[in-house]
Amino acid sequence: MADPLFTIAATLRAAFAKVTGLPADSIDPVVRPSDRADAQANGALALAQQLGKNPREVAAAAVATGLLAESCSTVEVAGPGFINLTFKPEFLAAQLAEAATDPRLGVRSAAQQRTVVIDYSHPNVAKEMHVGHLRTTMIGDSLVRLLRFVGHRTILENHIGDWGRQFGMLIEHLLDVGETEAVHQLSVSDLNTFYREASEKFEGSEEFKDRARQRVVELQSGDPETLGFWRLLVDESMRHFNGVYSRLGVLLSNDDLMGESAYNDMLPIVIARLREQGLLVESQGAEVVFPEGFINREGEPLPLIVRNSVGGFGYAATDLACIIDRVERLHADLLLYVVGAPQAHHLNMVFAVARMAGWLAPPVEAVHVAFGNVLGDDRKMFKSRSGETVKLSDLLDEAVERATAAVREKNDEMPPAEQAEVGRMVGIGAIKYADLSTDRIKDYVFDWERMLSFDGNTAPYLQYAHARICSIFRRAQVDRASVRAVVPSLAEPQEKALALALLQFDSTVHDTLDKFSPHRLCTYLFELAQAFTSFYEACPVLKEGYEATRESRLALCDITARTLSKGLELLGIEAPERM
RNA sequence: GCCCUCGUAGCUCAGGGGAUAGAGCGUCGGCCUCCGGAGCCGUAGGCGCAGGUUCGAAUCCUGCCGAGGGCGCCA
């Protein structure tokens, strides 16, 4: 309950209840940040409207209760009935001191613990991870960190594309090349080459095509030898994926693998249960369900095809099996799908069918955490200069390379090993932050210059602010933990502004999770870093002649650094101590 | 044709129904006796268009324009 806006909202609710006689929990005091004061409350306008009274009088009466005087130095009614609130510095300082001694920095636990399945990343076996996997992986990873931080139970699921017809051609190609040679190729070169060669053979040879088709049948019927080859492809692919995950520092591991193949045995059960409930319909040779409200081009009901006309299962069947598994076996009550926006229609149909079948019912919720594309500077899908999709590993190489060069240039006295390490943190952080800092539903333009800039809303700027604070403590030779019990004095406006910003970490984290939108946390951290640099510019910490305020300002520095570091950590970004 | 998402400053992006719509870059102008100038302070410039709901709309609703995406057996 660190956020003073949150605290004052509760006080105002009581004040308005006293004045109007309405139940407190039915009142929204509408507390907002303000540039005219520390905060403004606009609730009087709506209440007055509701009661047919004068809004200024309602506001004045609420002020007259005196309830606000405890935490506010000035409370003014302005305009049509706004209440402008200015917090007492002592009030803010006390709240801040409380947050400073809290390992969670004042962030409340979730009111209700939920079991959340987060479905994200999902690369395809035998294909390189590319820039298209960046957002799902970044957003998913950050949501997991945020959910855990506020106390939810998280179940990570990497729904890799490890099943389907393409495995016929892949396995036949593997056998043509020879198992040993194929493994060698897969481990040293990129996965795309292997896939392309298999695909070219499939297109070019009827004989190969027949073999590939036969191989699919064997795979699906569980032929042990075929499964062995399949396993080999999956394992080799996972080595590549885990390499990327490790560089990105995401939480996914092999323990979180729940590929399409994992649901294979459940698919007949999905069919059986849908049939049992009378939802399954035969249409044009396929077995389908018609969810309400979905129509095709001709305006006719649009089916979700659970099993196609040749008896095969598509991804609709797998996705339905997923829901059953996540709800009934894992007992999840929130299912997050971090999946691109184009899948919205498909997912909505799957959710609709799952609801019809009763598999998805309150309090269980399924949410499509949709996101837009990564664009090039031509505003089209981000591609390499040769027009190919950009491999994630190449992207990370370039980011680290560019960042390391910048670090080297600015720190020529730093040991090369540390330059490389800091360059890695800055480069990877820059990519991740660029991806997370725009509203996920929108497309964003990928721009090396901007994301690696030390100015603006970027990871390097935040990392720099953090490193600078670490430097202050090194220079002061003061142990960071030693100032945490200090109740800071907030005499200067920049000190007060910084305190106010720090205290909003709590509500920011919850707000970020309410919308599943990490960019809200990014915006907050940027504003916090700006508040800090303004403070640091105006309020000397270690200078001669400022001994009296030194401890107090060091305390502000410490909690700022910890908030920045924790915030970045929740985004999956490292904060070096020097850079 | 129908449906979904998006449209905010020259560029890239924030804006939880509330007062005068913010930031970064770029522009222009200040601050180097500067605890890290990888910084700080200031300046000019904008809600695609038209209606509606509301005491109050960038925000909610409708229509139009523009961009992207989706619309039965690939995922």
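Numbered from 1 within each chain, the chains take letters A, B, ... in sequence-line order.
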Rounded to whole angstrom units, what separation is found between the [atom1] atom of [X] and the [atom2] atom of [N]?
| X | N | atom1 | atom2 | answer |
| --- | --- | --- | --- | --- |
| A:Gln40 | B:rU20 | CD | P | 11 Å |
| A:Leu462 | B:rG24 | CG | P | 13 Å |
| A:Leu5 | B:rG16 | CG | P | 15 Å |
| A:Leu452 | B:rG24 | CG | C1' | 15 Å |
| A:Tyr524 | B:rA23 | OH | C1' | 17 Å |
| A:Gln530 | B:rG22 | CD | P | 14 Å |
| A:Arg379 | B:rG10 | CZ | P | 14 Å |
| A:Gln49 | B:rG17 | CD | P | 18 Å |

Span that lies between the [atom1] atom of [M] and that of [N], in whole angstrom:
| N | M | atom1 | answer |
| --- | --- | --- | --- |
| B:rC4 | B:rC41 | P | 44 Å |
| B:rU54 | B:rC73 | C1' | 49 Å |
| B:rA21 | B:rC71 | C1' | 38 Å |
| B:rA23 | B:rC31 | P | 22 Å |
| B:rC60 | B:rG17 | P | 9 Å |
| B:rC13 | B:rC3 | C1' | 28 Å |
| B:rA9 | B:rA44 | C1' | 10 Å |
| B:rG66 | B:rG72 | P | 25 Å |

Looking at [N], I'd like to know if its phosphate oxygens (OP1 or OP2) sit under 4.0 Å from a side-chain N or O belonging to [X].
| X | N | result |
| --- | --- | --- |
| A:Lys442 | B:rG7 | yes |
| A:Arg165 | B:rC74 | yes |
| A:Tyr444 | B:rC11 | no |
| A:Arg468 | B:rG36 | no |
| A:Thr533 | B:rC40 | yes |
| A:His368 | B:rC4 | no |

What nucleotide among [options] has an atom nearest to a side-chain atom of [X]?
| X | options | value |
| --- | --- | --- |
| A:Arg32 | B:rC35, B:rG16, B:rC2 | B:rG16 |
| A:Arg475 | B:rC35, B:rC2, B:rA38 | B:rC35 |
| A:Ile441 | B:rG72, B:rG17, B:rC6 | B:rC6 |
| A:Ser471 | B:rG36, B:rG16, B:rA23 | B:rG36 |

- Message: Give me each pair satisfying ring-ring contact (aromatic ring centres under 6.0 Å, His included) with a member in residues 286-311 of chain A, each pair once, sequence neighbours excluded.
- Response: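 Those involving residues 286-311 of chain A are A:Phe294-A:His345.
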
Non-hydrogen side-chain atoms of [X] and [Y] separated by less than 4.5 Å:
| X | Y | value |
| --- | --- | --- |
| A:Arg108 | A:Phe6 | yes |
| A:Val445 | A:Arg379 | yes |
| A:Trp448 | A:Ile431 | yes |
| A:Thr560 | A:Leu498 | yes |

- Item | A:Tyr433-A:Asn457 side chain donor-acceptor pair, cut-off 3.5 Å | yes

- A:Asp38-A:Thr86 side chain donor-acceptor pair, cut-off 3.5 Å: no

- Message: Parallel, tilted or perpendicular, judged at 30° and 60°: which one describes the rings of A:Tyr444 and A:Phe446?
- Response: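 Rings of A:Tyr444 and A:Phe446: tilted, 30 to 60°.
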
- Task: Check the angle between the aromatic planes of A:His346 and A:Tyr315 and answer parallel, tilted or perpendicular using the 30° and 60° thresholds.
- Result: parallel

- Query: Given the side-chain rings of A:Tyr464 and A:Tyr461, with only the six-membered ring counted for Trp, is the space between their centroids under 6.0 Å?
  - Reply: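 Ring centroids of A:Tyr464 and A:Tyr461 are no less than 6.0 Å from each other.
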
- Could you tell me whether A:His519 and A:Tyr524 have their ring centroids closer than 6.0 angstrom? no

- Query: Considering heavy-atom distances to RNA chain B, does A:Lys515 or A:Phe290 have its closest nucleotide positioned more toward the 5' end?
  - Reply: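 Per heavy-atom nearest nucleotide, the more 5' residue is A:Lys515.
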
- Most 5' of A:Asn42 and A:Glu577 on RNA chain B, judged by nearest nucleotide: A:Asn42

Contact class for [X] (heavy atom, under 4.0 Å): base, sugar-phosphate, or nothing?
| X | answer |
| --- | --- |
| A:Thr438 | sugar-phosphate |
| A:Phe446 | nothing |
| A:Asn124 | nothing |
| A:Gly314 | sugar-phosphate |
| A:Asn411 | base |
| A:Asn296 | base |
| A:Glu527 | nothing |
| A:Val445 | sugar-phosphate |
| A:Ala78 | base |
| A:Ala316 | nothing |

- State plainly whether the residues A:Glu421 and A:Arg424 are in salt-bridge range, i.e. N to O under 4.0 Å.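 Yes, charged N to carboxylate O under 4.0 Å.
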
Does a distance-only test, which skips hydrogens and angles, find a donor-acceptor pair under 3.5 Å between the side chain of [X] and the base of [N]?
| X | N | result |
| --- | --- | --- |
| A:Asn84 | B:rA19 | yes |
| A:Tyr315 | B:rA75 | yes |
| A:Ser283 | B:rG72 | yes |

- Quick one, which residues of residues 339-354 of chain A touch RNA chain B with a heavy atom under 4.0 Å? A:Pro342, A:Gln343, A:His345

- Message: Just to be sure I follow the notation: if a pair is Watson-Crick (purine N1 to pyrimidine N3 plus N6-O4 or O6-N4) or a G-U wobble (N1-O2 and O6-N3), each under 3.5 Å, what dot-bracket string does RNA chain B give, with | for pairs to another strand?
- Response: (((((((..((((....[...))))..((((.......)))).....(((((..]....))))))))))))....

- After noting the C-alpha distance and the side-chain angles of A:Asp443 and A:Val374, does the key distance pass the side chain to side chain contact (heavy atoms under 4.5 Å, CB included) rule? CA-CA 6 Å; A:Asp443 297 344; A:Val374 183; over 6 Å; no

- Kindly determine whether A:Glu300 and A:Ile295 satisfy side chain to side chain contact (heavy atoms under 4.5 Å, CB included), including the steps that lead there. CA-CA 5 Å; A:Glu300 298 154 355; A:Ile295 54 166; over 6 Å; no

